[in-house]
*Asks:* 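Got a structure here, written out as C-alpha cells. Questions coming.
Each residue takes its place number in the sequence, starting with 1. Any value given below was found using the heavy atoms of this structure, including those in side chains, with hydrogens, waters and symmetry copies removed. Note that this is a predicted model, so its numbers are computed, not measured.
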Amino acid sequence: MNALIEGLGLSVLRRIDPEAAHGLAIRALQAGLAPKPGPVTSDRLRTTVAGIDMPNPIGLAAGFDKNATALKGLQLGGFGFLEVGAATPRAQPGNPKPRLFRLTEDAAAINRFGFNNDGVEAIVTRLAAAPRAIPIGLNLGANKDSSDRAADFARVMAAARDHVDFATVNVSSPNTEKLRDLQGKAALSALLEGVMAERGSTPVFLKIAPDLTSAEIAEIAEVAQSAGVAAIIATNTTLSREGVQSAHRDQAGGLSGAPLFDRSTQVLAELAGLTEVPLIGVGGVSSAEQAYAKICAGASAVQLYTALVYGGMSLVPRIAEGLDHLLARDGFATVADAVGSRRADYAAARSNAG
C-alpha cells in the first residue's frame with residue numbers, strides 16, 4: 001500500500017512544474033508523509049568517514065534541502081548522513097525561473113538555481129534546533145554579488161561550525177558565474193586556508209566538478225591534502241551533454257542523474273589513485289549496484305539526489321539494504337573493506353575514454 005501511495009504521489013509530482021514539485025516534496029517530508037524506516041544499518045553498513053560515524057554510507061547530496069527545513073523527515077528516511085545547503089552569507093533569490101528541468105527520458109535533471117537560499121543565519125538556526133539522529137553537514141557557498149567570494153566561504157564556516165558534523169566547500173557549481181575558477185591551485189589554496197582558519201574542530205570537505213582534466217584533478221588532490229581537507233566529494237553536476245536525448249538537453253546549467261554516472265565514477269577512481277583523503281562518490285546513483293560500484297571505485301560513502309525524483313524516498317532504504325547484500329555476497333565484512341577494490345578498472349575506463 002505504501003508503495004502504491006508513493007507511486008501515485010510521484011506520478012502527480014511529475015505532471016507539475018519541477019521546482020513546484022520539489023517544494024511539495026519538502027512539505028510532505030515536513031508533514032511526516034514520506035516513508036520513515038529510520039537509519040538503515042548493520043554491522044556491514046556501519047562506517048566511519050573523516051572521523052564521522054555513520055549507520056550506513058548512503059547520504060543525501062546538497063541541494064535537496066537547501067534551507068534545512070525538512071531535517072526531521074529526512075533523518076528518518078533511511079540515510080546514513082545528510083548534507084544541506086548550499087548556504088551563503090546573505091539570503092539570495094538565485095537565478096530567474098524556470099531554472100529546473102526534468103529530463104525524464106534520461107533519468108536526469110538540469111538545474112541553474114544559483115545558490116538560492118535563506119542565508120546562513122536562518123539555516124544555522126534550524127540546524128541548531130534540530131534533533132540529531134544521523135550526521136548532518138552544510139554545503140558552503142558564496143553570494144553571487146560578493147566582491148570576495150573566498151571570504152564568503154570563511155564567513156559561512158564561522159557561523160556554522162558549532163552546529164554541523166562537517167562542512168563542504170563548494171567551488172564546483174556551474175551556476176554561479178566564475179565560481180569554478182576557484183578550483184585553480186592558487187585560488188583554491190587561499191580559499192581553503194581561510195575556511196580552515198574558521199573551522200574550529202569541524203571537518204572540511206571539498207566538492208569538485210566532473211569536468212576536470214587529469215592535470216587539474218592531480219592539482220586539486222595535492223592542494224586538498226596540503227590544506228588538511230578531511231574528504232573530497234566527487235562530483236558535482238556536469239556541463240557536458242554527452243549521450244543526453246531529452247529536448248531540454250540544451251538548457252543552461254548543471255546536468256545530474258544517470259548520464260553522469262560513468263564520468264563521475266571515473267573521476268572518483270582517478271582521484272582515489274592520487275590521494276589518501278577519503279572520497280565520497282556522487283553522480284547518477286540510483287541503485288544498490290551503482291552505490292557499490294562507487295565504493296569499489298574508491299568512495300568511502302556515496303550521495304544521491306536526482307534519483308529521488310524518479311524513485312521516491314523509498315529508494316533510500318532499498319539501496320542501503322541492497323548494498324548490505326552485495327557486500328555479504330562478495331565476502332566483505334565492512335564497507336571499508338570494499339573501498340577501492342576495483343579502482344584500477346574504473347580508472348582505466350577514464351583513461352580509455354580519453
Side-chain angles (χ1 to χ4, degrees), residues 49 57-59 61-62 103 106-110 168 170-174 180 183-185 188 205-225 229 231-245 249 253-307 319 323 326 330 332 335-336 338-354:
V49 180
I58 310 302
L103 284 66
D106 303 291
I110 290 173
T168 300
N170 182 0
V171 290
S172 52
S173 169
R180 285 190 172 189
Q183 290 180 121
K185 186 173 183 179
L188 184 58
F205 296 0
L206 174 66
K207 190 168 189 175
I208 67 169
D211 309 316
L212 296 167
T213 65
S214 292
E216 290 168 334
I217 292 170
E219 267 194 358
I220 286 173
E222 179 186 344
V223 170
Q225 192 135 347
V229 165
I232 301 173
I233 300 178
T235 67
N236 211 319
T237 56
T238 181
L239 292 173
S240 170
R241 299 295 185 264
E242 184 178 352
V244 176
Q245 304 300 315
R249 60 168 289 144
L255 174 76
S256 61
L260 183 55
F261 179 78
D262 287 343
R263 175 187 291 261
S264 61
T265 306
Q266 290 161 15
V267 169
L268 167 74
E270 183 169 354
L271 190 57
L274 296 170
T275 183
E276 297 299 317
V277 174
L279 306 179
I280 296 174
V282 195
V285 174
S286 63
S287 69
E289 289 76 15
Q290 289 175 316
Y292 188 44
K294 295 276 190 191
I295 290 166
C296 293
S300 295
V302 303
Q303 291 177 318
L304 61 148
Y305 172 177
T306 303
I319 290 177
L323 177 61
L326 291 168
D330 292 346
F332 292 116
V335 172
V339 172
S341 56
R342 290 188 57 208
R343 187 202 70 80
D345 295 342
Y346 291 101
R350 174 171 165 84
S351 179
N352 292 337

*Asks:* Do you know which two heavy atoms are closest between Pro57 and Ile295, and how far apart they sit?
*Replies:* CG-CD1, 4.3 Å
*Asks:* With sequence neighbours excluded, give me every salt bridge (charged side-chain N to carboxylate O under 4.0 Å, His left out) pair touching residues 236-245.
*Replies:* Glu242-Arg263
*Asks:* Please report the closest heavy-atom contact between Ile232 and Ala224, naming both atoms and the distance.
*Replies:* CD1-CB, 3.8 Å
*Asks:* To the nearest 0.5 Å, how far apart are OG in Ser214 and CG in Leu271?
*Replies:* 11.0 Å
*Asks:* Test of understanding: with side chain to side chain contact (heavy atoms under 4.5 Å, CB included), list the residues that count as partners of Ala258, not counting sequence neighbours.
*Replies:* Ala107
*Asks:* Ala231 and Val277: which non-hydrogen atoms are nearest, and at how many Å?
*Replies:* CA-CG1, 3.6 Å
*Asks:* Among residues at least two apart in sequence or on other chains, which ones pass side chain to side chain donor-acceptor pair (under 3.5 Å) with Thr265?
*Replies:* Lys294
*Asks:* Is the side chain of Gln245 donor-acceptor paired with the backbone N or O of Gly243 at a distance under 3.5 Å, no angle test?
*Replies:* yes
*Asks:* Nearest 0.5 angstrom please: Leu323 CG to Ile58 CD1, how far?
*Replies:* 5.0 Å
*Asks:* If you compare all heavy atoms of Val282 against all heavy atoms of Gln303, which two are closest, and at what distance to 0.1 Å?
*Replies:* CG2-OE1, 3.4 Å
*Asks:* Considering residues at least two apart in sequence or located in another chain, which fulfil the side chain to side chain donor-acceptor pair (under 3.5 Å) criterion with Ser256?
*Replies:* Thr306
*Asks:* For Cys296, is there any backbone N or O sitting under 3.5 Å from a side-chain donor or acceptor partner on Arg342?
*Replies:* no
*Asks:* Do Asp330 and Tyr292 get their side chains close enough for a donor-acceptor pair, meaning under 3.5 Å?
*Replies:* yes
*Asks:* Ile233 versus Leu206: any side-chain heavy-atom pair under 4.5 Å?
*Replies:* no
*Asks:* Salt bridge (charged side-chain N to carboxylate O under 4.0 Å, His left out): which pairs involve residues 212-222, sequence neighbours left out?
*Replies:* Lys185-Glu222
*Asks:* Look up atom CD1 in Ile217 and atom OG1 in Thr235, then write down how far apart they are to the nearest 0.5 Å.
*Replies:* 9.5 Å
*Asks:* For residues Ser173 and Asn170, report the shortest heavy-atom separation together with the two atoms involved.
*Replies:* N-OD1, 3.3 Å
*Asks:* Supply the atom-to-atom distance Ile319 CD1 to Leu304 CG, rounded to the nearest 0.5 angstrom.
*Replies:* 5.0 Å
*Asks:* In a check of side-chain contact (heavy atoms from CB on, under 4.5 Å) between Leu255 and each of Leu103, Asp106, Leu239, which one passes?
*Replies:* Leu103
*Asks:* How would you list, by chain and number, every residue that makes a side chain to side chain contact (heavy atoms under 4.5 Å, CB included) with Ala272, sequence neighbours excluded?
*Replies:* Leu279, Arg343
*Asks:* For Leu188, run the side-chain contact (heavy atoms from CB on, under 4.5 Å) check against Ile208, Val171, Val229 and tell me which one passes.
*Replies:* Val171
*Asks:* Check whether any side-chain heavy atom of Pro210 lies under 4.5 Å from a side-chain heavy atom of Leu260, and answer yes or no.
*Replies:* yes
*Asks:* Identify the heavy atoms of Pro278 and Val49 that sit nearest to each other, and give their distance.
*Replies:* CB-CG1, 4.2 Å
*Asks:* Side chains of Ser286 and Phe261: closer than 4.5 Å at any heavy-atom pair?
*Replies:* no
